[in-house]
Amino acid sequence: MSFPQTPVVTGERYPSRRSVVMSTRGIVAASQPLAAQAGLRILMAGGNAADAAIATAAVLNVVEPMSTGIGGDAFALIYDAATGRVRALNGSGGAPMALTPAIFAERGLTAVPSLGMLPVTVPGTIDAWATLLAQHGTMTLAQVLAPAIEYAERGFPVSEIIARGWAASTTKLQGHPDAARTYLIGGQRAPRAGEIFKSPGLADSLRQIAEGGRDAFYRGPIAEAIVATSERYGGFLTMQDLAAHTSTWEEPIHTNYRSHTIYECPPNGHGLTALLALNLLEGFDLAHLTPGSPEALHLTIEAMRLAFADAATYIADPLHAQVPTDYLLSEAYTSGRRRLLDPNRAAATIPAGEVPGGHDTVYLSVVDETGNAVSFINSLYMGFGSGVVAGDTCLLYTSPSPRD
């Protein structure tokens with residue numbers, strides 16, 4: 001059987017057999033349909049973009065647990081349609097107060113490991129959700145967490161791509177008894193595509209947060225479980241670390257790309273990387289290149305390589321290091337970096353630092369019917385984070401750039 005080719009609209013640069021999704025009442029974009037549907041449920045119930053973003057992130061915690069969770073961190077850009085203002089929310093947590101460079105030296109470590117308790121920072125997600133709701137939302141935590149609690153309790157069918165990612169982390173999860181018991185069937189294998197998976201421990205944690213607010217996470221039984229796990233596996237998190245955590249509101253950084261203003265969260269977030277790449281590409285006439293052509297891909301890839309090199313070198317916590325954001329985004333710096341980008345060949349080496357590994361994170365965005373928008377990252381940084389689960393409560397984040 002053959003199907004007719006979808007007609008290409010005249011002047012369309014990125015033809016597709018899928019139409020652009022359009023709506024007048026709001027829209028949710030996420031990596032998993034059940035999570036996007038949860039955000040839509042909130043919008044249809046009268047919630048706004050902030051309410052729907054948290055509902056979507058919470059369901060992603062359940063249905064895509066390798067990518068995101070309440071034991072992770074969050075960053076958000078919020079556009080307020082009434083004022084036209086863009087705000088940046090930093091929901092990343094700090095390193096334990098007792099963890100010092102000397103401890104790494106004593107253990108013969110020259111870098112922060114990616115597994116176990118040493119890389120685990122204070123989870124910032126729940127405070128970020130509560131902070132976002134308090135200043136921009138219209139609903140309660142109980143309302144926006146209801147869909148996630150439902151999926152965690154009743155179960156959900158695991159989708160194909162998530163099943164593959166889950167299976168790829170089997171060995172990692174088997175390395176920690178609570179992780180294996182919580183996220184592997186019989187402690188041995190990942191759920192298969194289409195298999196119904198339930199998360200009763202996560203459902204209980206979400207219900208505690210829904211009923212008790214952010215303090216249920218940072219001062220209650222969940223905090224106690226996190227600290228007990230930290231002590232058991234050689235970490236340094238304390239109840240004081242968790243109780244002292246707060247999210248912060250910051251001014252977003254931005255650049256102009258072909259008459260559009262592009263906003264990102266400032267360091268210690270890594271959004272600066274995208275702005276650096278766009279600044280580099282501003283100097284090339286991409287409009288006359290065929291999208292997806294070797295020439296267009298080459299320029300884009302080389303710009304990202306240079307941007308990632310700068311990100312690996314300069315992005316840090318500005319409370320403890322000087323991050324020259326304004327200079328890095330300046331035309332003087334950009335023009336010098338742009339001269340390193342050869343349109344005809346890839347650079348053999350990338351100056352200013354090594355390109356970091358990895359190439360994606362979990363992301364969602366929501367726009368409501370009044371034009372409010374939330375651009376949201378809620379991540380564990382690596383697949384299944386540090387590989388450590390705090391009892392039955394949550395996976396714990398592994399952090400490349402703690403706040404302190």
Side-chain angles (χ1 to χ4, degrees), residues 21 23-65 67-92 123-152 202 206 209-210 213-214 217 247-250 252 263-265 269 271 360-380 394 397:
V21 179
S23 172
T24 60
R25 298 290 303 278
I27 197 165
V28 180
S31 55
Q32 214 278 359
L34 296 178
Q37 185 182 65
L40 289 175
R41 284 169 56 182
I42 294 298
L43 292 179
M44 293 172 69
N48 66 10
D51 304 318
I54 296 167
T56 304
V59 172
L60 278 175
N61 182 173
V62 179
V63 302
E64 194 175 332
S67 301
T68 183
I70 60 175
D73 282 349
F75 293 89
L77 289 167
I78 299 93
Y79 172 74
D80 188 308
T83 63
R85 183 184 180 189
V86 178
R87 305 179 75 191
L89 178 63
N90 186 329
S92 64
T125 289
I126 297 304
D127 188 76
W129 289 357
T131 301
L132 180 57
L133 270 187
Q135 297 213 16
H136 289 277
T138 65
M139 291 182 165
T140 65
L141 270 174
Q143 289 173 300
V144 299
L145 295 184
I149 294 171
E150 177 184 339
Y151 282 123
L202 180 57
L206 290 171
I209 296 163
R214 53 95 58 207
F217 185 91
S247 302
T248 57
W249 290 103
E250 301 170 357
Y263 290 93
E264 290 284 359
C265 291
D360 58 16
T361 189
V362 68
Y363 173 81
L364 64 95
S365 58
V366 182
V367 180
D368 62 32
E369 64 180 327
T370 62
N372 299 308
V374 176
S375 175
F376 204 86
I377 288 177
N378 202 150
S379 179
L380 293 171
C394 61
Y397 181 73

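Any value given below was found using the heavy atoms of this structure, including those in side chains, with hydrogens, waters and symmetry copies removed. Note that the structure is predicted; figures quoted are calculated from it, not measured.
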Give me the atom names and distance for the closest heavy-atom approach of [X] to [Y].
X      : Y     : answer
Leu380 : Gly71 : CD2-C, 4.1 Å
Asn61  : Ile70 : OD1-N, 3.0 Å
Cys265 : Phe75 : SG-CB, 4.1 Å
Trp129 : Ile54 : O-CD1, 3.3 Å
Ala128 : Ala74 : CB-CB, 4.0 Å
Ser67  : Glu64 : OG-OE2, 2.8 Å

- Query: When Asp51 is tested against each of Thr138, Thr56, Thr140 for side-chain hydrogen bond (donor to acceptor under 3.5 Å, both in side chains), which residue passes?
  - Reply: Thr138
Check for a donor-acceptor pair, side chain of [X] on one end and backbone N or O of [Y] on the other, with a separation under 3.5 Å.
X      : Y      : result
Asn90  : Thr248 : no
Thr125 : Gly69  : yes
Asn372 : Ala81  : yes
Ser375 : Leu77  : no
Asp368 : Ala49  : yes
Asn378 : Ala57  : no
Asn48  : His136 : yes

- Message: Rounded at 0.5 Å granularity, tell me how far CG in Leu145 sits from CD1 in Ile209.
- Response: 7.0 Å
- Item | OG1 on Thr131 to CZ on Arg214, rounded to 0.5 Å | 7.5 Å
- Basic-acidic side-chain contact under 4.0 Å: Asp80, Arg85: no
Counting only pairs under 3.5 Å, give me each side-chain donor-acceptor contact of residues 35-44, with atom names and distances, residues two or more places apart or in other chains.
{"from": "Gln37", "atom 1": "OE1", "to": "Tyr151", "atom 2": "OH", "distance (Å)": "3.3"}

- Taking side chain as C-beta onward, heavy atoms only, is Trp249 less than 4.5 Å from Leu89? yes
- Message: The test is side chain to side chain contact (heavy atoms under 4.5 Å, CB included); show your working for Phe376 and Val366 and say whether it passes.
- Response: CA-CA 8 Å; Phe376 204 86; Val366 182; over 6 Å; no
- Is there a donor in the side chain of Ser247 and an acceptor in the side chain of Asp127, or the other way round, less than 3.5 Å apart? yes
